[in-house]
Amino acid sequence: MVNRLAVWLFLILLLTGCSFLPTNIVNEINLIQGVGYDLAGKNNIKGTVVFPIIKKGSSYSEVKTAFGQSSKEIRTKLSNETRFRLVSGQLRLTLYGKTLAKQGINDFVDTLNRDPSIGSLIQLAIVDGDTNELLKMKKYKEENISIYLQEMLDQNMEYGRLPRTDLQTFLLQLFQIGQDPYLPLIKKVDHNIQITGMAIFNYDQYVTSISLEELFIFKALLDQNRNGLNRFILKNGDKVVLETLNSNTKYKVKIVNGRPEYIIHLKMKTKLQEFAPSKKKRQAFDKKKYQKQVEHKLEKNALKMINQFKNHQVDPLGFGAKYKEHYRGFNEKQWKKFYPNVKVRVIANVDIRQTGIVD
Amino acid sequence: MKIKNGDKENSSASKHCWIERLSKSNDFVHEHTSLRENEPFWLSYYRTLISSDILHKDVLPFLQDRLSLEELKSKIPVQEIILSNDAEEIIQSIMNGSIAIQIHQLDEDCLLINIANSKFRDVSMPMLESSALGPQVGFIEELDTNINLIRKRLPVPELLVHEMKVGALSKTRVAVIYMDGIADPENVNTVIQRINDIQYDHIQDSSYISSMIEDNSNSLFPQSISTERTDRVAAGLTEGKIIIAVDGSPNLVILPVTLMESFIAMEDYSYSWIIGNFFRLLRLLSVFISGMVTPMYVAIMTYHYELIPARLLETLVGSRATVPFPPFLEALFLELMIEMVKEAGIRLPFKIGQSLGVVGGIVIGQAVVEAGLTSNVLLILVGLGTLASYTSPIYKFSNTIRFLKFPTIFLAQWFGLFGVFLTFQFIQVHLLRLTSLGRPYISQYPIRTTSFQDLWVRLPFSMQKENPKNLRPQKKRKSTGTGKNPEPMNDFYE
Amino acid sequence: MQANIRHQVSPYLVFFIIYNSQVGVGILGFQRIIAAKAGYDAWIGVLLAGCLVQAFIWIAYKLLGKADGDIIDVHINLFGNFLGKFLSFFIIIYYWLASISVLLGFIEIVQVWMFPTIPSWILSIPLLLLMYYCVSGGFRTIVGMSFLSFVFPQILLIYLYIFPLKIAHFANLLPIMNHSFMEIMDSIKSSMYTLAGTEALLMYYPFIRDPKASKKFAHLGVLFTTLLYTVSSIVSFTFYSENQLKTTIWPELSLTKIIKLSFLERFEYLYISMYLIIVTSLLGLLFWCSSRGLKKIFCRKQKYTLLILCILSVVLSQFITETFKEMLDKMVTQMNLYIFYGYIPLLLLVFTFLKRGNQNG
């Protein structure tokens with residue numbers, strides 16, 4: 001009896017159940033793949049969304065713009081002019097204008113963090129200029145600009161000079177005590193989009209940036225260096241291009257009177273790729289001499305960058321977090337006071353393993 | 001080995017135990033040619049193994065006179081005649097199709113005349129369970145021939161046949177075949193009991209019997225294996241399984257079985273064990289693919305667009321761009337179409353059927369995609385799923401898998417991925433509850449070491465040492481040689 | 001008082017029953033709760049809580065072994081028919097409330113992550129029907145389900161820890177033991193809710209063939225789940241920064257968002273759906289305990305007690321409010337602590353004392 005009742009219940013449930021769930025049939029929704037936000041006047045935000053219109057065999061990206069106070073409000077407004085509902089489950093890329101980033105992007109990141117349909121591997125980037133202009137570029141109309149940019153950033157993080165960032169790492173750094181987040185900085189140059197450096201934040205506000213040339217040392221200090229080329233112009237104008245084979249960075253924290261002191265050991269195994277002495281005359285490569293010079297150069301550059309961070313009161317390398325790991329009496333306010341005067345030493349150790357097939 | 005030893009002890013105690021031993025089986029005949037008790041002759045033979053033609057024409061006429069066995073030997077026009085008093089030899093030759101003649105029932109001496117039946121209705125190739133390697137002999141519609149085929153593969157007296165008549169009107173002969181000393185007597189009794197309890201007018205096929213004696217007749221899963229392969233039946237018997245053969249049916253029923261046995265092809269044993277395992281696991285995987293692929297498509301395309309990777313998005317969405325139906329109807333439509341083609345293919349006369357397969361599969365599919373009624377990705381998935389379901393060597397099982405797709409598609413439409421796993425879980429619970437002759441149907445639980453010797457995977461023959469424990473066999477171990485081969489003295493050739 | 005041998009299960013299967021009874025929806029969100037006070041030292045609390053559960057298993061085996069029956073038999077043996085049944089009733093109510101808490105937890109997850117608009121009863125009815133089908137197959141089916149839910153989803157889900165561990169920040173755990181003893185105690189207390197479930201042993205003990213041999217498997221089961229929870233919390237702690245974890249309601253689910261395969265992204269949707277297998281088998285076990293208890297107390301057929309419990313659960317799941325749900329979780333935690341870590345050890349003392357007294361007298 002009970003079993004039969006169960007079967008009937010199940011059938012009734014199934015017959016009624018189907019009408020309760022709103023569907024998301026892929027052809028009847030507009031999948032937002034990229035969004036961009038710019039500051040437009042006081043308290044007003046210009047939002048841009050990119051979604052693909054996929055037809056059999058061909059597809060193009062559609063770009064729409066609206067103004068509003070919050071990101072979801074902008075989406076609601078945009079729905080007025082789209083054929084299908086806008087949904088954000090396929091979001092791959094979010095861009096923020098530099099001027100907006102200076103005011104803080106916490107409100108925008110919050111919705112990305114809160115919405116369960118948004119993945120945590122999406123790329124965030126700061127645009128030096130207008131995001132709307134960048135997303136609207138004619139050249140990428142057919143190409144699907146959001147995927148293009150996402151893969152460009154991914155590729156550079158994997159093999160190039162950019163350190164790894166995505167929504168998850170951004171949130172991790174944003175919430176971490178004694179660490180500030182950083183995001184890639186991109187710019188529209190003529191008819192191309194280029195990565196121009198790294199935007200460094202103080203909590204959620206854009207403060208300063210480091211240039212493309214400095215990214216090599218930045219990535220090395222974050223201990224994420226894998227293989228990449230870097231050019232060093234040494235004292236007497238000799239140019240040396242080294243390819244990193246293996247890199248390893250260690251932070252040593254010493255607590256002196258409750259204040260931290262850092263020694264950063266940078267170890268690098270490299271391979272010589274190009275060597276152009278200033279005298280324009282072929283000469284044998286003096287390993288020892290250049291190793292020393294490169295080490296010196298690295299140490300100088302690293303210290304220069306750390307000083308820049310100290311001056312701006314930002315801590316993307318996580319000195320504070322490392323202090324906290326090693327000192328039980330950590331106090332955030334005190335640390336903020338210590339930071340500008342904290343002692344940091346960088347010891348570089350460059351080992352040029354191979355000089356190619358000539359000496 | 002054990003059986004043989006017991007045998008010798010018996011033969012010294014009572015010279016005539018072989019008659020008792022053999023007469024446990026119902027197709028064994030032990031008869032007297034004369035009306036009077038003390039007069040000759042006594043005949044013993046297996047009805048299913050000998051040719052009754054030769055018996056009547058060439059043997060029986062000589063038995064009218066009172067002759068000694070030696071005289072008979074010289075008179076009867078059959079080539080192979082031996083005189084013997086060794087019980088072991090007598091049993092052996094009777095098993096091979098000889099007829100034993102004694103003057104008195106208690107005589108030790110026997111005349112063994114080989115009149116093995118060699119003329120049968122032609123045995124055919126297995127139609128449904130074809131294989132590339134291995135024996136190509138299938139059962140046919142004659143019960144005696146079928147038993148003969150089994151006896152040829154297992155010529156030992158432990159192979160017993162218990163015959164019954166079932167069906168109020170059809171009076172069909174049904175034989176329960178099992179190995180005495182291996183099969184669990186409780187199982188044998190259950191089967192015989194259940195067959196005796198059958199009340200039905202007519203039995204046309206062994207499937208009638210198997211579905212009547214199944215533990216749960218409402219289940220979609222076959223709780224017995226229906227096979228036409230002689231090697232599968234013989235292998236099952238040696239493990240302690242019970243076979244039901246029905247006169248008029250080329251399919252024999254194997255009981256009890258577990259789910260995993262539906263993935264075992266006899267071909268696995270023809271290959272190296274590594275390759276055999278690969279194909280066995282491939283079949284398991286294909287059943288998962290077959291059952292899951294279309295419902296997953298429906299669930300993802302209807303609810304969970306987030307799961308699609310960026311690179312796949314354009315392919316998937318683009319292929320559906322012109323399709324006017326929701327994914328659910330699209331999938332249901334295509335699945336039904338494939339089933340229709342398959343069903344029609346079976347019903348149609350052989351030659352038309354072949355060309356229809358081509359027409360249905362390719363032309364209609366292509367046309368439907370071109371007309372923009374379904375997406376070509378789905379066509380690939382449905383085709384793949386249907387193909388995958390046929391990898392199971394058991395025909396009934398592949399039908400079950402394809403049928404199960406439909407409720408899963410419905411649940412995928414109603415609950416998305418949640419619904420897919422709802423059906424998955426339902427099937428799991430159902431399989432757990434299912435039994436075959438009171439033995440658990442699902443072989444993962446409880447875990448048994450024997451499942452890893454020859455069920456989930458097939459180890460090399462030397463490592464298959466035990467009979468499957470879930471059958472509760474009386475003979476626990478297989479007669480696998482252990483320690484007989486001495487280790488080579490040198491580890492390499494020197 | 002032992003159950004029929006046909007319904008009994010082999011001793012080694014106790015490992016899977018224990019695993020099944022302990023792992024529920026708790027593992028998806030406990031990381032945040034235990035870290036609330038003890039911060040990233042909370043994983044020590046999980047290990048310590050595991051030791052407590054081991055102690056409970058030892059006590060339960062002692063008690064049930066002496067009485068050779070389930071907890072109701074123990075009560076009746078000690079306090080007589082009426083009072084014994086009355087006391088057992090509270091334990092049965094606990095089982096039922098615990099299963100409601102699991103059911104509501106899972107429904108909430110499905111609603112938040114997958115179908116925001118779906119009414120609760122549409123989810124609770126199929127889940128409970130499935131559970132009913134499982135329970136009506138008898139105890140062996142439930143154990144089979146525990147076994148399969150271990151083999152199929154859990155092994156797979158453990159494998160998924162590889163992805164977050166690839167980008168883990170192990171330095172997050174430093175400095176170890178940075179919190180006071182009281183804070184760690186708090187994390188023990190909050191891990192007890194997730195580690196709860198072994199109490200079901202009090203009901204299914206008579207269904208174990210050769211209970212003595214099963215004891216080591218029970219301890220192993222608890223060890224496994226304790227380690228699983230510890231690993232799970234360490235994975236979350238190294239994946240999130242501390243403040244980030246404190247804002248994330250289901251850390252274990254959010255963590256699966258980073259899993260990306262070439263044919264599938266966003267594993268969390270699959271994860272939740274697969275979790276259905278674990279949840280229904282846990283529900284099966286808990287409902288089996290409560291319905292069997294009711295059957296023994298009121299001498300009614302188990303199918304009716306189970307049906308009544310199911311209908312009540314559906315109604316409750318539909319009309320329950322957020323505040324009541326929080327209260328329920330709190331109540332289950334409190335009851336678990338007081339009944340099984342306060343009352344049961346006491347009962348063992350009383351039982352040993354009285355039995356000895358009887359023998360002397």
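Residue numbers start from 1 in every chain, and the chains themselves are labelled A, B, ... in the order their sequence lines are given, proteins ahead of strands. The analysis underlying the following values was restricted to heavy atoms, covering all of them including side chains, and did not include hydrogens, waters or symmetry mates.
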Please say whether more than 12 non-hydrogen atoms of neighbouring residues, nucleotides or ligands are located less than 6.0 Å from [atom1] in [X].
X	atom1	answer
B:Q199	CD	no
A:F84	CZ	yes
B:Q366	CD	no

(request) For residues A:N27 and B:V317, report the shortest heavy-atom separation together with the two atoms involved. (result) ND2-O, 3.3 Å
(request) Run the numbers on B:E306 and A:V87 for side chain to side chain contact (heavy atoms under 4.5 Å, CB included), then give the verdict. (result) CA-CA 10 Å; B:E306 295 98 338; A:V87 291; over 6 Å; no
(message) Can you tell me which of A:R92, A:Q150, A:K55 forms the most heavy-atom pairs within a distance under 4.5 Å of chain B?
(response) A:R92
(request) Just give me the residue among A:Q90, A:K56, A:Q33 that pairs up with chain B most often, heavy atom to heavy atom, under 4.5 Å. (result) A:Q90
Hey, what do you get for [atom1] ([X]) to [atom2] ([Y]), rounding to the nearest 0.5 Å?
X	Y	atom1	atom2	result
B:S319	A:I54	OG	CD1	10.0 Å
A:I25	B:E330	CD1	CD	10.0 Å
A:S117	B:H304	OG	NE2	12.5 Å

(message) Is B:T322 close to chain A through its backbone or its side chain, or both, or neither, when contacts mean heavy atoms under 4.5 Å?
(response) side chain
(message) For B:L316, which atoms come within 4.5 Å of any heavy atom of chain A: side chain, backbone, both, or neither?
(response) neither
Contacting region of [X] [heavy-atom separation from chain B under 4.5 Å]:
X	answer
A:L91	neither
A:L31	side chain
A:S88	backbone

(request) Please report the C-alpha distance between B:Y303 and A:N24 in whole Å, then the side-chain angles of each, then the deciding distance to 0.1 Å, and finally whether the side chain to side chain contact (heavy atoms under 4.5 Å, CB included) criterion is met. (result) CA-CA 5 Å; B:Y303 293 106; A:N24 284 325; 5.5 Å; no
(message) Keeping B:Y305 on the side-chain end and A:G89 on the backbone end, is there a donor-acceptor pair under 3.5 Å?
(response) yes
(request) List the steps and the verdict of side chain to side chain contact (heavy atoms under 4.5 Å, CB included) for A:V26 and B:I308. (result) CA-CA 10 Å; A:V26 278; B:I308 309 169; 4.0 Å; yes
(request) Identify whether the distance between the nearest side-chain nitrogen and carboxylate oxygen of B:R311 and A:E151 falls below 4.0 Å. (result) yes
